[in-house]
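Worksheet for the structure shown next.
The shown structure was predicted, so the numbers you read here are calculated from the model rather than taken from an experiment. In the text below, chain A, chain B and the rest are named by the order of the sequence lines, each starting its count at 1.
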2 protein chains.
Amino acid sequence: MTHRSPAAGKPIKTAITDEDGIDFAIIELFFFAYRDFTSDPDQILADYGFGRAHHRVLHFVNRRPGLTVAELLDVLKITKQSLARVLKQLIDTDHIVQLQGPRDRRQRELYPTAKGRALALALARPQSRRIRAALEDSGASERPLIERFLEAMVNPELRAQIDIVPANMSGKSHGDH
Amino acid sequence: MTHRSPAAGKPIKTAITDEDGIDFAIIELFFFAYRDFTSDPDQILADYGFGRAHHRVLHFVNRRPGLTVAELLDVLKITKQSLARVLKQLIDTDHIVQLQGPRDRRQRELYPTAKGRALALALARPQSRRIRAALEDSGASERPLIERFLEAMVNPELRAQIDIVPANMSGKSHGDH
DNA sequence: AAATTACGTCAATAGTACTGACATAATTTC
DNA sequence: GAAATTATGTCAGTACTATTGACGTAATTT
């Protein structure tokens, strides 16, 4: 089986290019960029026995303290069962606490503890450093443009999730969407 | 267990912000953007019984026809065993063929078939559309800037992988790195 | 009182990844 | 030519993240 099987098609020896107007350059850059962007926190998480799923939960609980389980599922686009294990571990290790919802007592509002806040910051630090360096490389004044591009990459109907974020205003000023 | 366990820390009710100079806005945008960017091909892949791993292999074999297994492992940053199953499936379904290396007969050069090329294009099409739309939203002239930013997000020592790509020159002209 | 909602949990399964070990063929080195 | 190294393939075992389906409980709504 080291060679081609009898019914196999002929090998194409030319590289795929921008034929059909496909933007392979940016597709590939996006893959590499995200691969390395997530590699920073992955190393820290390994020390805790956590994975990427824990990071995402921790991030959003810190960003929107008091969100409910249902809201978290909606943001992460995963199922209840997938969240269960990860959330349980974060609660057992005292990174997150849940409080009974004030209006609806069935709901669990999720909050970070001091420990959970500290870990979220530690995980975000190398990512933020990478972003700052990349912004400087491409001209520091270009931040709003990068933000607009990334936001435009998100499905329009899901962009509402972004703007839920309470207070990330430090010169954003993109009130035009 | 619906409430806090006795030893649990106190809930923090304020949202994490740009304290410590952490760029949460872009961290989060990058997560959302990549989530939706990969959701397009994921739907197509499901029809074939393939996953994201198949997509990545297919992409790079089309981008660098004739690359060897070792080179592919290096680009994907996964292990031989992880690649094995995915690559075998792509070969069995006649999307990829392997030829004996001309210089070194131990090597397997990987090439796409017409079928594999077609699938790679089909997977890239919605992603490219998304990128084009996002570029238009942020001003069509900003493409080189977005490219520079994404490239700067990649680990410097790994940037060599990007430039291996044979011919994606359609007005790139960023020969300054 | 009945239906619905929010959440939790159990069981079974899948996809992607890992480490470690071992085998084979081809090339390189001594 | 024999020995070491290299490129690849494969086997066994494990882990993490995710899935679907089913069921249970408490609280709210109808």
A:L76 CG - D:dC16 P separation (whole Å)
19 Å
So, under a plain 3.5 Å distance rule, would you say the side chain of A:K88 forms a donor-acceptor pair with the base of C:dG8?
no
So, does A:R56 get its side chain near the phosphate of D:dA18, meaning an N or O under 4.0 Å from OP1 or OP2?
yes
On the nucleotide C:dA6, are OP1 or OP2 found under 4.0 Å from the side-chain N or O atoms that A:R108 carries?
no
Nearest-Å distance for atom pair CG/C1', residues A:D42 and C:dC18
13 Å
Please compare B:E71 and A:Q89 by the position of their nearest nucleotide in DNA chain D and report the one closer to 5'.
B:E71
What nucleotide, of C:dT9, D:dA27, D:dT17, holds the atom closest to the side chain of A:H54?
D:dT17
Candidate pair B:F50 and B:H55, rule side-chain contact (heavy atoms from CB on, under 4.5 Å), full reasoning
CA-CA 8 Å; B:F50 290 162; B:H55 185 189; over 6 Å; no
Between A:Q107 and A:Q81, name the one whose nearest nucleotide on DNA chain C is closer to the 5' end.
A:Q107
Output the rounded distance in Å from CD1 (B:I78) to P (D:dT8).
14 Å
List in chain and number order the residues that pass ring-ring contact (aromatic ring centres under 6.0 Å, His included) with B:F60, two or more places apart in sequence or in another chain; answer none if no residue qualifies.
A:F31, A:F32
A:R85 near the nucleic acid: base, sugar-phosphate alone, or nothing, with a heavy-atom cut-off under 4.0 Å?
base
Using whole Å, report how far CD of B:Q98 lies from C1' of C:dA25.
14 Å
If the cut-off is 4.0 Å, is A:T79 near the phosphate of D:dA18, judged by side-chain N/O to OP1 or OP2?
no
Report the distance from atom CG of A:L87 to atom P of C:dA6, rounded to the nearest whole Å.
17 Å
What about B:R106: does its side chain form a donor-acceptor pair under 3.5 Å with the base of D:dT6?
yes
Whole angstroms only, please: what is the CG-C1' distance between A:L45 and D:dT17?
13 Å
On DNA chain D, does the nearest nucleotide to A:R103 precede the nearest nucleotide to A:S82 from the 5' side, or the other way round? Give the residue.
A:S82
Mind telling me whether A:Y34 and B:F30 have parallel, tilted or perpendicular rings, with 30° and 60° as the class edges?
tilted
Output the rounded distance in Å from NZ (A:K77) to P (D:dA18).
14 Å
Consider the side chain of A:V69, meaning its heavy atoms from C-beta on, and name the nucleotide among C:dC7, C:dA17, D:dG9 that approaches it most closely.
C:dC7
Within a strict 4.5 Å, meaning less than it, do heavy atoms of the B:L145 and A:F149 side chains meet?
no
To the side chain of A:R105, which of D:dT28, D:dT8, C:dT16 is closest?
D:dT28
Student check: side-chain heavy atoms of B:V61 and B:L67 closer than 4.5 Å
yes
Does a nitrogen or oxygen in the side chain of B:R52 sit under 4.0 Å from OP1 or OP2 of C:dG15?
no
Whole-Å distance between C:dT5 P and A:K80 NZ?
13 Å
Do A:N155 and B:R130 get their side chains close enough for a donor-acceptor pair, meaning under 3.5 Å?
yes
